[in-house]
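First the structure, in the form of structure tokens, and then the observations on it.
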Amino acid sequence: MIVRNLEEARKTDRLVTAENGNWDSTRLVLAEDNAGFSFHITRIFPGTETHIQYKHHYEAVFCYEGEGEVETVADGKIWPIKAGDIYLLDQHDEHLLRGKEKGMTVACVFTPALSGKEVHREDGSYAPADD
Ligand SMILES: CC(=O)NCC[C@H](N)C(=O)O
């Protein structure tokens with residue numbers, strides 16, 4: 001069994017900040033744990049907009065603090081997100097992720113698991129797990 005603590009993990013390189021400063025994310029479970037998924041606590045900062053399309057991953061995102069919204073690019077639909085909501089990018093959906101006034105804190109599960117070294121590419125994706 002493995003036990004980790006969020007505040008302790010935030011003092012290590014498990015805490016990663018987006019290059020554009022829009023969010024930070026603490027990777028509590030990663031590919032090296034061989035569980036088939038990774039699990040992250042991500043803070044989406046207030047007033048930010050991030051273009052994302054995880055072409056090579058599925059992601060589930062559970063909001064437990066704050067408020068934001070997701071705009072799905074294909075249909076322009078706005079999905080308000082508040083504490084208690086989960087969204088699942090089951091179609092590798094291209095989307096714009098926005099934090100409202102207070103931002104939001106979310107728990108994310110990725111499959112395949114992230115190694116923790118990925119950076120968002122120009123097209124909003126992370127490289128495939130075997131790259
Ligand atoms: C919700 C989302 O995908 N935010 C971007 C960062 C991502 N959660 C990550 O941990 O890399």
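Note that the structure is predicted; figures quoted are calculated from it, not measured. All ligand and atom numbering here is 1-based and tracks the order in the structure.
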- Query: Is Glu49 paired with Arg98 through a side-chain N to carboxylate O contact shorter than 4.0 Å?
  - Reply: yes
- Message: With a cutoff of 4.0 Å, is Glu118 in contact with ligand 1, counting heavy atoms of the residue only?
- Response: no
- Message: Please confirm whether Phe39 approaches ligand 1 to less than 4.0 Å, judged on its heavy atoms.
- Response: no
Distance filter under 4.0 Å to [X] heavy atoms, resulting ligand 1 atoms:
X	value
Tyr54	2 (C), 3 (O), 5 (C), 6 (C), 7 (C)
Tyr87	1 (C)
His40	9 (C), 10 (O)
Tyr126	9 (C), 11 (O)

- Closest to atom 6 (C) of ligand 1 (heavy atoms only, candidates Phe110, Trp23, Phe62) is Trp23
- Task: Check each heavy atom of Thr50 against ligand 1 and say whether those closer than 4.0 Å belong to the side chain, the backbone, both or neither.
- Result: neither
- Using a 4.0 Å heavy-atom threshold (strictly under), name the region of Glu59 that reaches ligand 1: side chain, backbone, both or neither. side chain
- Neighbour count above 12 (heavy atom, 6.0 Å) for Tyr87 OH: yes
Hey, does [Y] have a side-chain heavy atom less than 4.5 Å from the side chain of [X]?
X	Y	result
Leu28	Ile41	yes
Lys55	Gln53	yes
His95	His51	no
Phe110	His40	yes

